[in-house]
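In what follows, a single structure is set out as structure tokens and then discussed.
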2 protein chains.
Amino acid sequence: MVTLKDVALKAGVSPSTVSRVVSGNGRVGQKCREHVQAVIKQMNYRPNTHARALACNRVEMIGLITPNVSTPFNGSIAIGVEEAAIELDYKTLITNTFRSPEAAINAIESFREQGCENIIIHTHSIDDVTLVKLAKEIKGLVVVNRFIAPIAQRCVWIDNVYGGRIAAEYLIAQGHKKLTIITDDKTARDPKDRILGIKQAVEDAGLHIPEERILFGINSIGNIEHGRKLARQLIEEKRDFTAVLAYNDMMAIGAINEFQDMGYKVPEDISVIGFDDLFICEVSRPHLSTIHYPIVEVAKFATQLSLALTNGDEGVIGKANMFMPSLVERSSVKNIKNNK
Amino acid sequence: MVTLKDVALKAGVSPSTVSRVVSGNGRVGQKCREHVQAVIKQMNYRPNTHARALACNRVEMIGLITPNVSTPFNGSIAIGVEEAAIELDYKTLITNTFRSPEAAINAIESFREQGCENIIIHTHSIDDVTLVKLAKEIKGLVVVNRFIAPIAQRCVWIDNVYGGRIAAEYLIAQGHKKLTIITDDKTARDPKDRILGIKQAVEDAGLHIPEERILFGINSIGNIEHGRKLARQLIEEKRDFTAVLAYNDMMAIGAINEFQDMGYKVPEDISVIGFDDLFICEVSRPHLSTIHYPIVEVAKFATQLSLALTNGDEGVIGKANMFMPSLVERSSVKNIKNNK
DNA sequence: TTGTACGCGTTATCAG
DNA sequence: CTGATAACGCGTACAA
């Protein structure tokens with residue numbers, strides 16, 4: 001392994017000079033710099049990450065904390081992070097917390113101790129208060145897919161209220177008057193925001209959603225199974241509705257499956273709309289209409305923001321951190337305007 | 001940040017003693033050890049990764065090289081790796097190569113330079129010869145989901161021939177006589193092995209698959225789109241068949257979608273079987289019958305093997321590295337034994 | 001068993 | 001603009 005000293009020796013200069021040309025800090029004579037650069041290339045020298053980290057207590061690495069990369073949504077977050085990281089030659093360190101708060105806190109501690117200040121938080125295992133405190137201590141901490149008012153400038157999220165609104169508006173425009181919602185944990189913010197948007201649209205149209213048509217999950221993770229369960233409940237308890245707004249695509253697809261298994265046709269008997277726009281929308285039958293969530297872009301921006309925060313690049317800072325979702329029409333919603 | 005020296009000071013011993021109790025190398029008096037451990041816990045000391053890496057030129061980190069974690073198969077590999085890594089307190093560094101050979105080679109180089117000898121290769125961007133060479137130089141290099149004879153003991157893979165065989169046997173048992181195969185790149189090993197297994201089963205049954213009923217992809221990645229394309233070709237060119245063996249679930253689902261869009265019913269008109277057993281099998285209509293690939297287990301084992309290789313634990317070494325796939329019956333294959 | 005001293009590869013502070 | 005020199009935190013021969 002070729003070191004800085006080796007280069008210095010061969011180039012006939014001091015180690016410090018080599019360090020200067022490598023890092024770009026400090027002035028070096030034009031001629032001298034070029035010579036050193038040539039030697040570096042010739043010897044194929046590459047700086048040692050650990051020595052550098054030890055010396056300046058910082059490291060070119062970005063840590064992502066996520067529940068489980070193997071799910072499509074989380075996987076896309078990871079991709080966005082790495083795409084942005086790679087552009088600046090940062091490495092990506094991923095920790096899956098599997099919904100364990102301790103694992104999440106541990107991971108953050110571990111990152112910090114290694115001098116990694118660029119941390120992307122994508123988990124709900126850590127509460128707002130803790131995160132606000134951590135954000136004060138860690139320059140490059142950024143929260144993705146979540147909004148925490150006191151550190152809004154450190155969050156990158158989407159307008160869930162708007163997302164809920166356009167979903168409902170679409171259903172209403174297709175003639176649906178009796179909407180129902182199957183969603184995630186009652187206490188979580190995203191479900192609440194989306195419901196808020198839905199209610200706004202519903203009221204604007206002079207309609208109403210009774211509480212009994214809003215089904216929550218308890219300690220759920222908005223997955224297929226959860227969607228199935230609530231769909232079954234909808235049918236068994238004979239709720240009166242023509243369309244379902246699911247919290248996300250996974251739940252929507254679970255619901256569609258359950259409806260179909262119970263003998264209902266989608267969208268002929270029941271219309272369903274999802275949220276996220278994962279690749280499975282094209283897999284399901286019928287193809288799932290949904291609200292597009294620009295996941296990769298969001299994650300990419302979050303990463304750029306984190307990097308800007310620690311490196312003092314003002315470019316990204318101050319830009320809007322809220323992205324807008326958009327409607328994607330496929331075939332899980334039926335136009336019933338002229339029926340009934 | 002609390003260092004080894006701080007602990008030594010507080011405990012009234014020398015730094016080397018603390019180092020010894022932390023690392024476990026070298027004898028330390030029972031009483032002394034306990035005292036030091038108490039102080040460590042009390043001060044919440046945690047060793048500095050970089051200093052350690054610098055001093056001994058090795059690091060407790062495992063690097064995964066994968067095309068793109070955001071796809072279900074690759075994501076599961078990542079999960080398996082991290083699950084195994086976390087058990088030994090190793091960190092997981094993930095690099096997505098997006099099918100670029102340079103990116104893959106770069107990542108390996110980068111890992112090595114950082115003293116990371118534990119590298120899990122999950123990509124076909126690097127050829128066999130290069131990998132064999134690298135395996136000689138890097139103690140902890142392990143190849144997952146791929147078999148390379150000269151370094152078989154460093155590969156963890158599944159029996160693709162057997163997988164192909166049981167898939168075909170199942171179809172044949174269901175009365176299918178005219179099978180067709182839609183698969184991946186002709187030059188890749190996995191498709192070839194699976195085809196081999198299929199042919200074995202077919203011949204054992206006294207049947208035959210003409211070459212025109214085996215459709216390959218070119219430079220494809222076995223995704224949904226690819227499945228759609230070959231399915232369409234099957235129909236348009238009026239190939240004669242009752243069942244389709246897809247290279248993997250993604251292709252199978254693409255094919256099912258295409259068949260359905262063209263007005264065919266699955267499995268009534270055409271039966272389809274996949275490979276991998278991803279979560280989308282339960283999503284598709286009909287639910288996809290497939291060959292189960294123990295992805296997480298394979299990745300986990302590969303990681304344990306890598307760790308054993310570098311740490312000299314002989315436990316895992318020598319065990320069989322080949323896992324066996326198994327049949328999962330769902331509803332995409334019709335029994336036509338008593339028809340026609 | 002325990003402590004001392006040096007080196008790992010780099011950066012940063014200070015002279016020159 | 002350049003070169004010594006001292007850290008950074010830890011492991012490890014070597015000495016005690």
Between A:R58 (CZ) and C:dT11 (C1'), how many Å, whole number?
11 Å

How is A:N57 classified with respect to the nucleic acid when contacts are heavy atoms under 4.0 Å: base, sugar-phosphate, or nothing?
nothing

Which is true for A:P15 with a 4.0 Å heavy-atom rule: it touches a base, it touches only sugar-phosphate, or it touches nothing?
nothing

Any donor-acceptor N or O pair under 3.5 Å, side chains A:S14, A:T17
yes

By nearest atom, which of the nucleotides D:dG11, C:dT11, C:dA12 is closest to the A:S19 side chain?
C:dT11

Closest listed nucleotide, where the reference is the side chain of A:T17 and the choices are D:dG11, D:dT2, C:dG9
D:dT2

May I have the distance from A:L4 (atom CG) to D:dT2 (atom P), rounded to whole angstrom?
15 Å

Does any donor-acceptor pair link the side chain of B:S16 with the base of C:dT4 at a separation under 3.5 Å?
yes

Would you check if the distance from the ring center of B:Y293 to the ring center of B:F323 is below 6.0 Å?
no

If you measure from the Lys or Arg side-chain nitrogens to the Asp or Glu carboxylate oxygens, is any gap between A:E137 and A:R112 under 4.0 Å?
yes

Map B:R20 and B:L54 onto DNA chain D by nearest heavy atom, then report which one ends up closer to the 5' terminus.
B:L54

Would you kindly give the NE2-to-P distance between B:H50 and D:dC10, to the nearest whole Å?
12 Å

Contacts of B:R33 and A:Y45 projected onto DNA chain C by closest heavy atom; the upstream (5') one is B:R33

Which listed nucleotide (C:dG9, C:dT2, D:dG11) is nearest to the side chain of B:S23?
D:dG11

Toward the 5' end of DNA chain C, which comes first, A:V22 or B:S14, by nearest nucleotide?
B:S14

To the nearest angstrom, how far is A:R52 atom CZ from C:dA12 atom P?
10 Å

Calculate the interatomic distance between B:K5 atom NZ and D:dC10 atom C1'; express it in whole Å.
10 Å

For A:L9 and D:dG3, what is the distance between atoms CG and P respectively, to the nearest whole Å?
12 Å

Between P of C:dG9 and CD of A:E60, the distance in whole Å
19 Å

Salt bridge check, A:R146 against A:D128: does any charged N sit closer than 4.0 Å to a carboxylate O?
yes

Regarding B:T3, tell me which of base, sugar-phosphate or nothing describes its non-hydrogen contacts under 4.0 Å with the strands shown.
sugar-phosphate

Look at the side-chain N and O atoms of A:N25 and state whether any lies under 4.0 Å from the OP1 or OP2 oxygen of C:dA12.
yes

Indicate whether any N or O donor in one side chain lies under 3.5 Å from an N or O acceptor in the other, for A:T71 and A:N68.
no

May I ask you to say what B:R27 touches in the nucleic acid, namely base, sugar-phosphate or nothing, with a heavy-atom cut-off under 4.0 Å?
base

Tell me the interatomic distance from B:Q30, atom CD, to C:dT2, atom C1', rounded to whole angstroms.
16 Å

